[in-house]
Enquirer: 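The structure follows.
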Amino acid sequence: MTEKVLSNKKNGMLVLLLTIVLYVAAIAGVVFGGIMLDQNDSDPLGIVLMVISVVILCFGWMTLPGLKVLKPQEALVLTLFGKYIGTLKDNGFYFVNPFCTAVNPAAKTKLNQSGDVKSVGTAAASAAGTVDADAMSKKLSLKIMTLNNNRQKINDCLGNPIEIGIAVTWRIVDTAKAVFNVDNYKEYLSLQCDSALRNIVRLYPYDSAPDVDTTGDGIADDGSLRGSSEIVADRIRQEIQERVDEAGIEIIEARITYLAYATEIAAVMLQRQQASAIIDARKMIVDGAVGMVEMALERLSQNNVVELDEERKAAMVSNLLVVLCGNKDAQPIVNSGSLY
């Protein structure tokens, strides 16, 4: 299905004014025709005037369904007796064939996205049985929309369950494809976002892991969901775009909005991260302590402060490492006697 943009003239206001004038004239015709027939029952002019006025009053309203108002960034897909005749895109007040029908299969679909979120008052009115005019509208929005899909629990490439959520920015670029190629373009987009998210997330570990190939080139890399979020989001966007091309939708951007381990392993993974952080900290402390000990021995030797044999050097190194690497402050024992 190929989109056909209609270039109709915006005659809506003219047709509306003509309809109002005809109705006023028909009402006047009924009045004058009744007066003429009251004076002469067989007056042919009165009969003709009465018949024409009644016909206008009965069928003049049929032009009103052909009046269409479009605001900026709105479109109307029109069909005539089941045949697609074109799309109105430019804003204005139009008059089209009154028998044309506007089509929007996703008009009543409400997703967690911009433009589909109701206010409290509107929700209360809907609960009370009031029909929302915007929900019943057959117009398609051409604005940039944001779909915030629900969080999903997915296993990463190492089998660890994680929870992840994405926000997808999209818009309709081909109204004919959006309406006729898929049953409901909003639901279709939401399902394809879920599917693409699963396909991409299962290729990455949550954190960098050895011997993991995330690009598919056969070479291990350090890609991860937490450390390569921009790359992951771009791959998700490309995956979704490939799936929704047939629906006439353009994916502008995809962003990860939530990323965390699943609750059943979150505590264990937190302990693992804490252990890794402790090991890294200890390594840094030991490296610094060894450097300080080397510097102390070198300075003592250069300045000839004291001559130490190997045994006393080892004892000094041990004491300094205890003081520098210990978790608590050292409490040294001072020997007030001789060295021997």
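We use all heavy atoms of the structure for the numbers below, so side chains are in, but hydrogens, waters and symmetry mates are not.
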Enquirer: Apply salt bridge (Lys or Arg N to Asp or Glu O under 4.0 Å) to residues E230 and R255 and explain how you reach the verdict.
Expert: CA-CA 8 Å; E230 294 289 336; R255 291 292 179 184; 2.6 Å; yes
Enquirer: Show the numbers, then the answer: is there a side chain to side chain contact (heavy atoms under 4.5 Å, CB included) between K138 and T101?
Expert: CA-CA 9 Å; K138 296 297 183 180; T101 304; over 6 Å; no
Enquirer: Please give me the minimum heavy-atom distance between N155 and P161, naming the atom from each residue.
Expert: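 Taking every non-hydrogen atom into account, OD1-CA, 3.4 Å.
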Enquirer: Closer than 3.5 angstrom, by distance alone: can the side chain of T257 be matched with the main-chain N or O of G165 as a donor-acceptor pair?
Expert: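 Yes; at least one donor-acceptor contact below 3.5 Å.
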Enquirer: About how many Å separate CD1 of I200 and CD1 of I240, when rounded to the nearest 0.5 Å?
Expert: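 Between I240 CD1 and I200 CD1, I get 9.0 Å after rounding to 0.5 Å.
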Enquirer: Tell me which one of V77, V5, L6 satisfies side chain to side chain contact (heavy atoms under 4.5 Å, CB included) with L88.
Expert: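 The single option meeting the side chain to side chain contact (heavy atoms under 4.5 Å, CB included) with L88 is L6.
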Enquirer: What is the minimum heavy-atom distance between K139 and E74, and which atoms define it?
Expert: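 Heavy atoms only, the tightest pair is CD-OE1, 3.3 Å.
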Enquirer: For a side chain to side chain contact (heavy atoms under 4.5 Å, CB included) with V232, tell me which candidate from L203, L225, I166, L197 qualifies.
Expert: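 With V232 as partner, side chain to side chain contact (heavy atoms under 4.5 Å, CB included) holds for just one option, L225.
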Enquirer: With side chains defined as the heavy atoms from C-beta onward, is the minimum distance between T79 and F180 less than 4.5 Å?
Expert: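 The answer is yes; the side chains approach within 4.5 Å.
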Enquirer: Using every non-hydrogen atom in the two residues, find where T87 and A75 come nearest and quote the distance to one decimal.
Expert: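 Taking T87 first and A75 second, the nearest heavy atoms are CG2-CB, 4.0 Å.
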Enquirer: When hydrophobic residues are tied together by side-chain contacts of less than 4.5 Å, even through go-betweens, does Y23 share a cluster with L64?
Expert: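 Same hydrophobic cluster.
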Enquirer: Flag the pair V182 / P105 as yes when at least one side-chain heavy-atom distance between them is below 4.5 Å, and no otherwise.
Expert: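 With C-beta onward as the side chain, the pair stays apart.
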Enquirer: Considering residues, nucleotides and ligands other than D287, do more than 12 of their heavy atoms fall under 6.0 Å from its CG?
Expert: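 Count over threshold, so yes.
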Enquirer: On a heavy-atom basis, which atom in V173 and which in K89 lie closest, and how many Å separate them?
Expert: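 Here V173 and K89 meet closest at O-NZ, 4.0 Å.
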Enquirer: With rounding to the nearest 0.5 angstrom, report the CD1 to CG distance, I154 to D194.
Expert: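 These two atoms lie 8.0 Å from each other.
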Enquirer: Answer yes when R243 and E239 have at least one side-chain N-carboxylate O distance shorter than 4.0 Å, and no when they do not.
Expert: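 Salt bridge flag = yes for E239 with R243.
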Enquirer: To the nearest 0.5 angstrom, please state how far the CG atom of D245 sits from the CD atom of E250.
Expert: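 D245 CG to E250 CD: 9.5 Å, rounded to 0.5 Å.
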Enquirer: Going from NZ on K68 to CZ on F93, what distance comes out if it is rounded to the nearest 0.5 angstrom?
Expert: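 CZ of F93 is found 10.5 Å from NZ of K68.
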Enquirer: Evaluate the criterion side chain to side chain contact (heavy atoms under 4.5 Å, CB included) for residue pair I144 and T169; output intermediate values, then yes/no.
Expert: CA-CA 7 Å; I144 296 176; T169 306; 3.1 Å; yes
Enquirer: Looking only at heavy atoms, which two atoms of C100 and I85 are closest? And how far apart?
Expert: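 That would be SG-CD1, 3.3 Å.
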Enquirer: Transitively linked via ILVMFWY side-chain contacts under 4.5 Å: L49 with I56?
Expert: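 Each belongs to a different hydrophobic cluster.
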Enquirer: So how far is it from S190 OG to N150 CG, rounded to the nearest 0.5 Å?
Expert: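 Taking OG in S190 and CG in N150, the distance rounds to 7.5 Å.
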Enquirer: If hydrophobic clusters are built from ILVMFWY residues whose side chains come within less than 4.5 Å, do V54 and W61 share one?
Expert: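 Result: yes, single cluster for both.
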Enquirer: If you apply the rule side chain to side chain contact (heavy atoms under 4.5 Å, CB included), what do you find for V290 with V286, and how did you get there?
Expert: CA-CA 6 Å; V290 171; V286 171; 4.2 Å; yes
Enquirer: What ring-ring contact (aromatic ring centres under 6.0 Å, His included) pairs are there with at least one residue in residues 205-232, not counting sequence neighbours?
Expert: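 Every pair satisfying ring-ring contact (aromatic ring centres under 6.0 Å, His included) with a residue in residues 205-232: Y206-Y261.
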Enquirer: With heavy-atom distances below 4.5 Å as the criterion, would you say the side chains of V168 and N149 are in contact?
Expert: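 SC-SC contact between V168 and N149 ruled out.
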Enquirer: Going through the checks in order, is the side chain to side chain contact (heavy atoms under 4.5 Å, CB included) test met by V103 and Y84?
Expert: CA-CA 10 Å; V103 182; Y84 171 62; over 6 Å; no
Enquirer: Are T63 and F95 close enough that some pair of their side-chain heavy atoms sits under 4.5 Å apart?
Expert: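 Answer yes - side chains close enough.
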Enquirer: A quick test of your reading: do over 12 heavy atoms of other residues, nucleotides or ligands sit less than 6.0 Å from CZ of F99?
Expert: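 No, not enclosed.
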Enquirer: Give a yes or no on whether I231 atom CD1 has more than 12 heavy-atom contacts from other residues, nucleotides or ligands under 6.0 Å away.
Expert: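 Check fails, neighbour count at 12 or below.
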Enquirer: Using a 4.5 Å cut-off on heavy atoms from C-beta on, say whether the side chain of L70 contacts that of D90.
Expert: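 No, too far: nothing below the 4.5 Å cut-off.
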Enquirer: Contact between L140 and Y185 at the side-chain level, heavy atoms closer than 4.5 Å - yes or no?
Expert: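 Yes. Closest side-chain heavy atoms under 4.5 Å.
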Enquirer: Does one hydrophobic cluster hold both L22 and L67, with members joined at side-chain heavy-atom distances below 4.5 Å?
Expert: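 L22 does not cluster with L67.
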Enquirer: Do you know the tightest heavy-atom contact between T146 and A167?
Expert: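 Looking at all heavy atoms of both residues, the shortest contact is CG2-CB, 4.4 Å.
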Enquirer: Hydrophobic cluster membership, with links at side-chain heavy-atom distances under 4.5 Å among I/L/V/M/F/W/Y: are M284 and M292 in one?
Expert: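 Different hydrophobic clusters.
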Enquirer: Nearest 0.5 Å please: distance from the OH atom of Y258 over to the CD atom of E163.
Expert: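 The CD atom of E163 is 5.0 Å from OH of Y258, to the nearest 0.5 Å.
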